[in-house]
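Since the structure comes first, as C-alpha cells, the remarks are kept for the end.
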Amino acid sequence: MAGPALTYDAIILGAGAAGMMAASAAGQRGRRILLADHADAPGKKILISGGGRCNFTNLRAGPDNYLSANPHFARSALARYTPADFLELVESYGIAWHEKTLGQLFCDGSARQVVAMLLDQCERGSVELKLGHGASAIDHADGQFRLALGTGIVSAPRLVIATGGPSIPKMGATGFAYDVARRFGLKVVEPRPALVPLTLGGDETLFRDLSGVATEVVASAGTGRFREAALFTHRGLSGPAILQASSYWRHGEEVAIDFLPDRAGGWLVEEKRARPTATIRSTLGQALPDRLAETLAERLALTGNLADLSDKALASAEVRLAGWTFRPNGTEGFAKAEVTIGGVATDGLSQKTLEAKTVPGLHFIGEGVDVTGWLGGYNFQWAWASGVACGEAL
Ligand SMILES: Cc1cc2nc3c(=O)[nH]c(=O)nc-3n(C[C@H](O)[C@H](O)[C@H](O)COP(=O)(O)OP(=O)(O)OC[C@H]3O[C@@H](n4cnc5c(N)ncnc54)[C@H](O)[C@@H]3O)c2cc1C
C-alpha cells in the first residue's frame with residue numbers, strides 16, 4: 001500500500017453499537033479517531049432492534065447472562081460500564097424509556113433516538129465518521145496499521161474491529177472480524193446463529209400446522225432454561241423462550257418444552273377426581289390455546305373420559321406435557337438470527353481493554369467477540385461495555 005496516509009490515534013471499523021461507543025469514549029478523551037463503516041448509515045441494527053424501539057439494556061445484566069467459551073471474560077467490562085451507566089446517558093438526552101418485562105428497557109419513542117445520541121456523543125469527541133467505505137487491505141508494520149479505505153489510505157497505531165457478527169447478512173453484516181482475527185493469528189470460536197428460530201421436520205412437521213399459536217412455556221436446551229412465550233411457526237418453533245434456548249442448542253440435540261409450567265405434580269390425577277367426565281382434550285383446552293390442546297391431546301392418544309384412564313396413564317401424560325421433546329432439524333440460520341454465538345476467542349484478548357495479547361494495538365469489541373448475551377437488551381449492554389472498555393484504552 002503505497003502513498004501518504006491520513007493519520008489518527010485510532011481507526012475503528014464498524015459504526016454500530018460498540019464502534020460508536022468506543023469512538024465517543026476515546027474521542028472525548030482527546031484522541032483523534034476515525035470511525036469507518038462500509039454501510040451508508042451508522043447503527044443500522046440499532047434502528048431495527050426491539051421492533052424499532054431498541055431494547056437498549058437490561059437492568060439485570062451480569063456475566064451469567066452471557067455465553068462464551070470463557071464465561072468469566074465479560075465480567076470486567078460489564079462491571080466497569082453497567083446498565084445504570086447507559087441509562088444515565090439515555091436520560092441525559094431526555095430519551096423517554098420504559099421497562100417492558102424481565103428488566104428489559106426500551107425507548108418509548110424510537111431507536112433513532114439512541115443512534116442520534118451516540119452520533120452526538122461521537123461529535124462531542126470530534127470523531128471523524130466515514131461511511132460507505134470498507135477496508136480493502138490492512139497492513140501492519142512498525143507499530144502502525146495502514147488501511148486502504150475507499151480511495152484513500154489511513155493509518156494509526158491502534159485499530160479497533162467493531163464490525164459485529166454475520167447475523168442478518170442482507171443488512172451488511174459480515175464475518176470480517178473473524179477474517180482479521182485469523183489473519184493476525186488469533187483463534188475464532190466456531191460462529192453459529194443464535195437467538196434464532198428452530199425448524200422442525202419429519203414426524204414433527206405436524207406441529208407446523210399450529211403456525212401462529214403462542215403460549216407461555218419453559219423451554220430447555222443444554223444448560224439453558226427459559227420461561228417465556230413460545231410460538232409455533234410455518235417452519236417450526238420461535239418466540240422468546242425458543243430464541244433463548246436456541247443459543248444453548250446444538251444440532252442433533254433435543255429441546256424440551258414444559259407446556260404447563262404452573263401445574264404441580266399430580267394435577268391430571270386431581271383433575272380426574274374433580275372432573276371425571278372431562279377429556280384430556282377439554283382439560284388441556286382450559287390451560288392452553290385450543291389448537292395446541294387439540295394437537296397435544298391427539299399425540300397423547302388418550303381417548304375417553306378422564307375417569308376411564310388409569311392414574312398411571314395420566315401420570316405419564318403429565319410427565320410428557322412437562323417435558324415435551326422436540327428434535328429440531330436445524331435453525332433458520334444467519335438470515336434470521338438476532339446474534340452470532342462464538343467469534344474471536346477471548347483467550348487471545350485482554351479482559352480489560354479487549355486488545356489482542358499478541359498484536360499490540362489491535363482490539364476487538366462487540367458481537368465479533370466470543371461473548372453472546374441472552375435476548376432482552378444483554379447484547380447491547382455488551383456492545384456498550386466492551387466499547388467503553390476499549391475506548392478508555394485507546
Ligand atoms: C433484528 C435484530 C434485533 C435486535 N434487537 C436487539 C435488542 O433489542 N437488544 C439487544 O441488546 N440486542 C439486539 N440485537 C442484537 C444487537 O443488534 C447486536 O448484538 C449489536 O448491534 C452488536 O453490536 P456491534 O457494534 O458489535 O455490531 P453492529 O451493531 O452489528 O455493528 C457492526 C457495524 O460494522 C459494519 N461492518 C460490518 N462489516 C464491515 C466491514 N467489513 N467494513 C466496515 N464496516 C463493517 C456494519 O455495517 C455495522 O454498522 C438485535 C439484532 C437483530 C438482528
Side-chain angles (χ1 to χ4, degrees), residues 1-43 46 77 80-81 85-86 89 92-93 114-164 176-177 180-181 183-184 344 349-350 352-357 359-366 368-369 383-394:
M1 224 183 295
L6 285 172
T7 58
Y8 298 87
D9 291 323
I11 298 164
I12 300 176
L13 289 181
M20 285 196 275
M21 204 66 182
S24 63
Q28 290 180 26
R29 288 173 53 248
R31 301 292 183 265
R32 263 201 88 211
I33 303 294
L34 173 66
L35 176 61
D37 201 298
H38 67 176
D40 57 2
I46 300 175
R80 281 179 294 137
Y81 192 82
D85 291 323
F86 193 76
L89 182 64
S92 73
Y93 278 77
V114 174
V115 174
M117 174 187 84
L118 294 170
L119 284 174
D120 184 66
Q121 283 288 301
C122 285
E123 235 174 270
R124 290 187 194 195
S126 304
V127 172
E128 192 176 320
L129 182 62
K130 229 185 185 74
L131 296 171
H133 294 304
S136 49
I138 302 177
D139 282 350
H140 183 220
D142 306 324
Q144 289 285 318
F145 293 91
R146 278 171 70 86
L147 277 65
L149 207 62
T151 52
I153 295 171
V154 292
S155 82
R158 292 192 177 271
L159 174 63
V160 181
I161 306 298
T163 51
F176 182 78
V180 176
R183 135 109 215 267
F184 283 96
V344 180
L349 304 176
S350 153
K352 219 172 149 223
T353 62
L354 287 299
E355 184 175 7
K357 289 176 184 165
V359 191
L362 180 63
H363 300 247
F364 291 87
I365 57 174
V369 178
W384 317 136
S386 60
V388 169
C390 169
E392 285 178 349
L394 295 177

Does Arg158 reach the main-chain N or O of Leu394 with its side chain, forming a donor-acceptor pair under 3.5 Å?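 No.
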Nearest heavy atoms of [X] and [Y], plus distance in Å:
| X | Y | value |
| --- | --- | --- |
| Pro42 | Val115 | O-CG1, 4.1 Å |
| Gly391 | Arg29 | O-NH1, 2.9 Å |
| Arg32 | Thr7 | NH1-O, 2.7 Å |
| Gly16 | Asp37 | N-OD2, 4.2 Å |
| Gly366 | Ser386 | N-OG, 3.0 Å |
| Gly30 | Asp9 | O-OD2, 4.3 Å |

Decide yes or no for [X] and [Y]: does some side-chain heavy atom of the first lie under 4.5 Å from some side-chain heavy atom of the second?
| X | Y | result |
| --- | --- | --- |
| Val180 | Thr163 | no |
| Leu35 | Cys122 | yes |
| Leu362 | His140 | no |
| Pro360 | Glu355 | yes |
| Leu131 | Asp40 | no |
| Ile12 | Val127 | no |
| Ile365 | Val160 | yes |
| Trp384 | Asp85 | no |

With rounding to the nearest 0.5 Å, note down the distance linking [atom1] in [X] to [atom2] in [Y].
| X | Y | atom1 | atom2 | result |
| --- | --- | --- | --- | --- |
| Ile11 | Lys130 | CD1 | NZ | 10.0 Å |
| Tyr8 | Ser155 | OH | OG | 9.5 Å |
| Ser136 | Leu149 | OG | CG | 7.5 Å |
| Gln121 | Leu89 | CD | CG | 5.0 Å |
| Cys390 | Phe364 | SG | CZ | 11.0 Å |
| Leu354 | Leu349 | CG | CG | 6.5 Å |

Given side-chain contact (heavy atoms from CB on, under 4.5 Å), test Arg80 with Val388 step by step and report yes or no. CA-CA 9 Å; Arg80 281 179 294 137; Val388 169; over 6 Å; no
Around atom NZ of Lys352, are there more than 12 heavy atoms from other residues, nucleotides or ligands closer than 6.0 Å?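 No, because the 6.0 Å sphere around NZ of Lys352 holds 12 heavy atoms or fewer from other groups.
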Ile161 vs Phe184, side-chain contact (heavy atoms from CB on, under 4.5 Å): CA-CA, chis, key distance, verdict: CA-CA 12 Å; Ile161 306 298; Phe184 283 96; over 6 Å; no
